[in-house]
2 protein chains.
Amino acid sequence: MLPNQYENIDRFPVALDTIIFGFDRQNLKLLLIKRDFEPEKGNWSLMGGFLEADESLDEAASRILTKLTGLKNIYLEQLYGFGEIDRDPVERTISIAYYSLINIHDHNKELVEKYSARWFPIDDLPDLIFDHHKMVEAAKGRLRHKAATQPVGFELLPEKFTLPELQQLYESIYETDLDKRNFRRRILSMNVLEKTDEKQKKFSKKGAYLYRFDSKKFEKQKAEENGAGLSFKPPKV
Amino acid sequence: MLPNQYENIDRFPVALDTIIFGFDRQNLKLLLIKRDFEPEKGNWSLMGGFLEADESLDEAASRILTKLTGLKNIYLEQLYGFGEIDRDPVERTISIAYYSLINIHDHNKELVEKYSARWFPIDDLPDLIFDHHKMVEAAKGRLRHKAATQPVGFELLPEKFTLPELQQLYESIYETDLDKRNFRRRILSMNVLEKTDEKQKKFSKKGAYLYRFDSKKFEKQKAEENGAGLSFKPPKV
DNA sequence: TATTTAGGTGTAAATATTACACTTATTAGA
DNA sequence: TCTAATAAGTGTAATATTTACACCTAAATA
């Protein structure tokens, strides 16, 4: 075996912090936990954890997400590496932030309780520890970009959803109002939605048709594309 | 002082690897070094180094870039964190990749020689060690996206450049041909270029006017924008 | 002074985006 | 049972953006 040439270099704890997005009727929300150890005990924080030797970064992020939500196979994407020297007062730590999109109704309530976690509307977040606020801002930007580029919003909705719900979601991602007719035309022209003949009457007397994201159609679309990406852009202001 | 609650967690070397883009007349190029230590001694590699305790990730990436090129204040942007368990055979290492855009004629020749570094055309790269090829692919994608979104190509050109040169650059970034008239209209309508009254006659008898990136105009444009970003998109195929 | 070379220029057609208002299905309450 | 209320659903015209496309110009050199 080779001698380890890396003998004299510094080693650092590598943290993973996850920005967990959910969507609840009107509002984009984040799942935050109440930190139960010092420093900053009792303050709000992103769900996080440390990288272990036997897992990749993606695996670690996924493990940490599951630890809080009980969910597996969740949309999870690396966001950015945060490495300011003093970002964690305990010790110099590098944090790789991930963001994930989950169906807000679809998580393990006991686990969430165990971590004293709570959903906060994205526009009414508490103070966060360390540089977590910076991470959240980065995630908001990334989500906006992602949603403009790929039909990713579906991850935040239940399997079946109505177009008005989907529009609400996009409106809260972009923090702007969208025209109903233009929105429908655009989203339907992506050719990734399948209309069911069920109606959802929770929010109106008339009821709105339920749609389903059709991953077969999506794959087909992707294949027909030239890498430009399916796109849903917010209107220019 | 608080006891260190992080006592029992794993620590890892944190590497920084930089994808260094340059542009030479016709071709987008990468600056690669010949690795002079085991493992993989003698093979081609991205310029890299390890994070030290007294520097942020950005500072470390910048230090490493300067080490090879002699250049400071260079366009440098974090790309992605690579963390597969076995990515480095010596030891489990996390690498944060950065990419940078430099003027290819504007680097310290002695340093480059010292590292046995060489510029390679982007479409004719040698085999690279570890997961460096994955990093390069990610950087190409990011550069494409960045160039479509912000007027970033200027970083790769000398202070004064002609529109045909700039077009060449975009053509090699997108690996496609662009229409001369449409390109000019688009790039000029961004309102960030200043025409000088000098001509560059290196490549034609008639000579082409030299332009300069006008950062004041750029700032003004940015201010007038609604965050959508100045954009130069490749034509849809 | 004719030829060669790359630089420079405009317009029309096609496509994409935006703005905008009324009808429909259903429920609840008079 | 009729009326009012509510959110869902639909089409078109105006504007803006993107694309396709071909000839003239300036300078050098043979």
What integer distance in Å separates [X]:[atom1] from [N]:[atom2]?
{"X": "B:Y211", "N": "C:dG8", "atom1": "OH", "atom2": "P", "result": "6 Å"}
{"X": "A:Q200", "N": "C:dT26", "atom1": "CD", "atom2": "C1'", "result": "14 Å"}
{"X": "A:L210", "N": "D:dA8", "atom1": "CG", "atom2": "P", "result": "12 Å"}
{"X": "A:K205", "N": "D:dA5", "atom1": "NZ", "atom2": "C1'", "result": "5 Å"}
{"X": "A:Q167", "N": "D:dA7", "atom1": "CD", "atom2": "P", "result": "14 Å"}
{"X": "A:K206", "N": "D:dA8", "atom1": "NZ", "atom2": "P", "result": "9 Å"}
{"X": "A:D177", "N": "C:dC20", "atom1": "CG", "atom2": "P", "result": "14 Å"}
{"X": "A:R185", "N": "D:dA13", "atom1": "CZ", "atom2": "C1'", "result": "11 Å"}

Closest non-hydrogen atom pair between A:L166 and A:F161, with its separation: CD2-CE1, 4.1 Å
Check this for me: A:K72, atom NZ, are more than 12 non-hydrogen atoms of other residues, nucleotides or ligands nearer than 6.0 Å? no
Does the pair A:R144/A:E175 count as a salt bridge with the N-to-O cut at 4.0 Å? yes
Tell me whether the NZ or CZ atom of B:R118 lies within the 45° cone about the ring axis of B:F120 and under 6.0 Å from its centre. yes
Please confirm whether the shortest side-chain N or O distance from [X] to OP1 or OP2 of [N] is below 4.0 Å.
{"X": "A:R181", "N": "C:dA19", "result": "no"}
{"X": "B:K201", "N": "D:dA28", "result": "yes"}
{"X": "A:R186", "N": "C:dT18", "result": "yes"}

Taking the minimum atom-to-atom distance to the side chain of B:P164, which one of D:dA20, C:dT26, C:dG8 wins? C:dG8
Quick one: which of D:dT6, D:dA26, C:dG7 gets closest to the side chain of B:K199? D:dA26
